[in-house]
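Heads up, the thing below is written out as structure tokens.
Keep in mind that the numbers below use all heavy atoms, side chains included, and drop hydrogens, waters and symmetry copies. This structure is a prediction, so every number in the text was calculated from the model and none was measured. Just so you know, ligand 1 is whichever comes first in the structure, and atom 1 is the first atom listed for that ligand.
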Amino acid sequence: MDTANPDIAALIGRLRETLGPAGVLTDPADLAPCETDWRGLYHGRTPALLRPASTAEVAAAMRLCAAAGVAVVPQGGNTSMVGGAVPDESGRQVVLSLARLERVRAVDAVDLTLTVEAGATLRAAQDAAADAGCLLPLSIGSEGSARVGGILATNAGGNNTLRYGNARDLVLGLEVVLADGTVWDGLRRLRKDNTGYCLRQLFVGSEGTLGIITAAVLKLVPRPATRCVAFAALASAAATLDLLARLQRHDAAALAAYEYMARAGLDLVFTHIPGAVRPLATPAGHYVLIDLATPRPDADLRGGLETVLAEAMEAGIVLDAAIAESGAQEAALWKLREEHTEAQKRAGASVKNDVSVPVSLVAELLARGTAACEALLPGIRVVPFGHVGDGNIHFNLLQPEGMDPAAFLAMDHAIMDAVCDVVRELGGSFSAEHGIGRLKPYLMPAWRGGAELAMMRAIKAALDPRGLLNPGKLLPAAEPDVVGPTVASG
Ligand code: FAD
Ligand code: MLT
Ligand code: ZN
């Protein structure tokens, strides 16, 4: 990519003419928040933060940057867990924020679709759906900050994947600005449309490396009329899977979320999060949050859940359980789950492993992953939690009490490799929902090498031949070109 000597000052001048003064920020104080990722792993530098106010302005900005050969880092809420949305340290990549594209363009309760711009927060999109008597069935802990474009660019998972799939499963249409500034309007609300390659699915999960998502058509479902949330203490990790099977046999369609927590993570929440309340007196090593929901107003979710829990207690699977009696109690139980990430951040340095295995192998992952980490670093604190119904465990680790955080983080690759070795043996994935970003491209050759990586590079070369979109993310640096025999000219 030829940005060796871009006249960035002149480019910024042209961008200001196009986007207006509010659309181009260069003051270091304005730039700082967009240069460091949520976890504080990366501290990049950018000459400018672009804040276009429309798709047309995104396209114009992209054209100007492309003409100057300057790379663009798309940014939504900057809540990426893998450093995907921040510039590198070169000072030659501009950040393009979608935050000002936050309109809800349409909600259709018959189509069950929401047409929304990329800068809308997930929460705002959820609220727009609720106002129309529908539900946008995608919920993640960062939904107050994460924005629709970032949610789609990372194919976010979250708490309802078990019932409704990932972000990818909720996309019917996209509007995208390509690397040369072309606007693709694929905002179709069709449930069926079999006309060639499924282009929208190329951009979902592409992490800003193939195009800039400016709007989307998302699937909605009827809003639940009945809900029942419970918290259970389990006899073992294997019991977590046994209870899941019982709930699915009882009424899989009503099981909207099933989230695992270990005692270690809950203890961090009770220590670091004010207002967190212990729902059960029974001490246990393993807990789950159960969330049942249905649009049927007459459904006896509570009665059914009580039956399943009673039978599971009888079988020694469940040690204790509490069912929320109010919306406030439901929120309090969810807080215990959702505050894991923040509690961990406050507790110290964390090495995160957002991994997945076949659901039936989760207990084995927990046991073998814990053993591998404790063998590598005695005293390491193992804090597994997450979307067990999808086989997705956030196998996160905290430094041993008293260890220097920097020394612990210096072991991150060794720790990630130890966990990944177990995950690979169990036929799992090294990145279940957070994507690759800047943190994990080094793992791609070993996990997705050969034909897969070659196809990804071919797609990247086709859609962003000059490598202007989010360079250094998702794809590892190309292997050094093997210099073939020089062909004698003439
Ligand atoms: P950003 O961080 O701004 O960007 C993410 C990536 O997408 C970057 O590569 C960026 O360049 C690209 N991008 C952003 N906007 C666009 C666009 N419009 N077009 C093209 N590319 C774009 N993730 C989960 O999957 N499940 C969870 O349960 C979950 N829980 C979380 C809890 C907390 C407390 C936090 C802090 C994060 C959590 N995350 C989770 C991770 C993160 O929130 C998600 O990856 C989210 O989808 C990122 O959205 P964002 O708008 O912040 O994107
Ligand atoms: C979550 O599900 O809370 C996050 O994806 C996990 C994490 O913060 O590691
Ligand atoms: Zn998660």
Side-chain angles (χ1 to χ4, degrees), residues 33-34 37-40 52 55 58 62 71-87 93 95-99 101-102 117-123 125 138-161 166-168 174-179 203-216 257 259-261 265 334 337-345 350-356 383-388 390 392-397 431-439 469-474:
C34 82
D37 70 302
W38 188 89
R39 295 180 59 189
T55 300
V58 172
M62 192 65 232
V72 173
V73 179
Q75 192 172 95
N78 197 15
T79 66
S80 167
M81 285 280 163
V82 291
V86 293
Q93 299 175 349
V95 176
L96 188 152
S97 168
L98 283 298
L101 277 76
E102 46 187 352
E117 293 185 340
T121 63
L122 177 55
R123 179 153 307 136
L138 182 61
S139 174
I140 64 177
S142 52
E143 59 199 22
S145 308
R147 296 177 186 274
V148 167
I151 291 283
L152 298 180
T154 57
N155 183 30
N159 307 320
N160 299 133
T161 305
N166 284 327
R168 177 179 307 287
L174 282 185
E175 179 187 79
V176 179
V177 171
L178 304 181
F203 294 103
V204 178
S206 64
E207 301 184 34
T209 62
L210 298 181
I212 303 174
I213 296 167
T214 48
E259 293 288 306
Y260 171 80
M261 289 157 271
W334 265 108
R337 161 57 185 93
E338 291 300 15
E339 293 290 1
H340 265 66
T341 305
E342 185 59 35
Q344 229 193 319
K345 189 174 183 179
S350 66
V351 173
K352 292 177 178 279
N353 295 279
D354 159 41
V355 296
S356 58
V383 186
F385 65 94
H387 324 291
V388 62
D390 320 323
N392 175 192
I393 291 293
H394 294 301
F395 200 94
N396 293 352
L397 300 130
S431 183
E433 59 177 14
H434 295 163
I436 308 299
R438 184 172 168 184
L439 183 65
L469 286 171
N470 220 4
K473 311 293 185 10
L474 198 160

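Put simply, H434 stays out of reach of the Zn ion (ligand 3), with no N, O or S atom under 2.8 Å from it. Inclusion of E433 in the first shell of the Zn ion (ligand 3) is supported: an N, O or S atom falls under 2.8 Å.
In terms of protein heavy-atom proximity, atom 6 (C) of ligand 1 is closest to T154 CG2, 3.6 Å. For atom 48 (C) of ligand 1, the nearest non-hydrogen atom of the protein is T79 OG1, 3.3 Å. Residue, atom and distance of the protein heavy atom nearest to atom 53 (O) of ligand 1 are G150 CA, 3.5 Å. Looking only at protein heavy atoms, the nearest one to atom 7 (C) of ligand 2 is K352 NZ, 3.2 Å. For atom 39 (N) of ligand 1, the nearest non-hydrogen atom of the protein is S142 OG, 3.9 Å. Shortest contact from atom 35 (C) of ligand 1 to any protein heavy atom: M81 CE, 3.3 Å. With respect to atom 30 (N) of ligand 1, the closest heavy atom belonging to the protein is G141 N, 3.8 Å. If you check which protein heavy atom lies closest to atom 19 (N) of ligand 1, you get I213 N, 2.8 Å. When hydrogens are left out, the protein atom nearest atom 4 (O) of ligand 1 is A85 CB, 3.4 Å; that is the closest non-hydrogen contact.
Heavy-atom separations between Q75 and ligand 1 include at least one value shorter than 4.0 Å. Not a single heavy atom of G437 lies less than 4.0 angstrom from ligand 1. Contact analysis leaves G119 out of contact with ligand 1, as no non-hydrogen atom separation drops below 4.0 angstrom. Heavy-atom separations between H387 and ligand 1 include at least one value shorter than 4.0 Å.
In this structure, CG on N78 lies 11.0 Å from OG on S142, to the nearest 0.5 angstrom. Between atom CG of residue L101 and atom OG1 of residue T214 there is a gap of 6.5 Å, rounded to the nearest 0.5 Å. One distance of note links CZ of R39 with NZ of K345; it measures 9.5 Å at 0.5 Å rounding. The OG1 atom of T154 lies 11.0 Å from the CG atom of L474; values are rounded to the nearest 0.5 Å. If you take CD on E259 and CZ on F385, they are separated by 9.0 Å, rounding to the nearest 0.5 Å.
Of the listed residues (T341, N353, I140), the one carrying the non-hydrogen atom nearest atom 8 (O) of ligand 2 is T341. Nearest to atom 1 (C) of ligand 2 by heavy atom, out of R39, E342, R337, E433, is R337. Looking at A99, A216, A153, G157 and measuring to atom 7 (O) of ligand 1, the nearest heavy atom belongs to A153. Counting heavy atoms only, H394 comes closest to atom 4 (C) of ligand 2 of the residues H394, H340, Q344.
Looking at every heavy atom in both residues, D37 comes nearest to G83 through CB-CA, 4.1 Å. Contact record, E207 with I436: OE2-N, 2.8 Å, taken as the closest heavy-atom pair. When all heavy atoms of A85 and V73 are compared, the closest pair comes out as O-CG1, 3.4 Å.
Backbone and side-chain nitrogen or oxygen atoms of R147 are examined, and one is located within less than 3.5 angstrom of a nitrogen or oxygen of ligand 1. Any N or O atom pair closer than 3.5 Å counts here, and E207 shares at least one such pair with ligand 1. For E433, a nitrogen or oxygen atom sits less than 3.5 Å from a nitrogen or oxygen atom of ligand 1, counting backbone and side chain alike. An N or O contact shorter than 3.5 Å is missing between E338 and ligand 2 by distance. For H394, no nitrogen or oxygen atom sits less than 3.5 Å from a nitrogen or oxygen atom of ligand 1, counting backbone and side chain alike. Between G77 and ligand 1, at least one N/O pair is under 3.5 Å apart.
Distance alone, capped at 3.5 Å, places no donor-acceptor pair between the N353 side chain and the V355 backbone. No donor-acceptor distance shorter than 3.5 angstrom exists from the side chain of K473 to the backbone of V82, with no hydrogens or angles considered. With Q344 contributing its side chain and G265 its backbone, the two residues share no donor-acceptor pair below 3.5 Å. Remark: the backbone N or O of A432 is not paired with any side-chain donor or acceptor of N392 at under 3.5 angstrom. Between the side chain of E143 and the backbone N or O of L122, no donor-acceptor pair lies under 3.5 Å. At distances below 3.5 Å, not a single donor-acceptor pair connects side-chain atoms of N155 with backbone N or O atoms of V204.
At a 4.0 Å heavy-atom cut-off, ligand 1 touches N470 through the side chain alone. Looking at T341 against ligand 1, only its side chain comes within 4.0 Å, counting heavy atoms. Only side-chain heavy atoms of H434 come within less than 4.0 Å of ligand 1; its backbone N, CA, C and O stay farther off.
The side-chain heavy atoms of L469 and M62, taken from C-beta on, include a pair separated by under 4.5 Å. Inter-residue side-chain proximity for T161 and H387 is flagged as unmet; no heavy-atom pair is nearer than 4.5 Å. E175 is listed as a side-chain neighbour of T55, based on a closest heavy-atom distance under 4.5 Å. In this structure, S356 and D390 have side chains that are not in contact, with every pair of non-hydrogen atoms separated by 4.5 Å or more. In this structure, the side chains of H394 and K352 stay at 4.5 Å or more apart for every pair of heavy atoms. Within the 4.5 Å cutoff, side-chain heavy atoms of F203 are placed close to those of L178.
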*Steps toward side chain to side chain contact (heavy atoms under 4.5 Å, CB included) verdict (V388, I393)*: CA-CA 6 Å; V388 62; I393 291 293; 4.2 Å; yes
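Under a 4.0 Å criterion applied to the non-hydrogen atoms of G211, ligand 1 contributes the atoms 20 (C). Atoms of ligand 1 found under 4.0 Å from any heavy atom of I151 (numbered from 1 in listed order, with element): 47 (O), 49 (O). Close approach to G149 involves these atoms of ligand 1, each under 4.0 Å from a residue heavy atom: 15 (N), 16 (C), 17 (C), 18 (N). Listed by number with element, the atoms of ligand 1 under 4.0 angstrom from any heavy atom of I212 are 19 (N), 20 (C). For ligand 1 and G76, the ligand atoms under 4.0 Å from any heavy atom of the residue are 1 (P), 3 (O), 14 (C), 15 (N), 51 (O). Within the listing of ligand 2, atoms 2 (O) sit less than 4.0 angstrom from a heavy atom of H387. The distance from ligand 1 to the heavy atoms of L98 drops below 4.0 Å at these ligand atoms: 18 (N). Close approach of ligand 2 to H434 (heavy-atom distance below 4.0 Å) involves ligand atoms 4 (C), 5 (O), 6 (C), 7 (C), 9 (O). Residue I140 approaches ligand 1 through these ligand atoms, each under 4.0 Å from one of its heavy atoms: 26 (N), 27 (C), 28 (O), 29 (C), 43 (O). Of all the atoms in ligand 1, the ones that sit under 4.0 Å from a non-hydrogen atom of A156 are 25 (O), 47 (O).
When NE2 of H394 and NE2 of H387 are joined through the Zn ion (ligand 3), the resulting angle is 100° to the nearest 10°.
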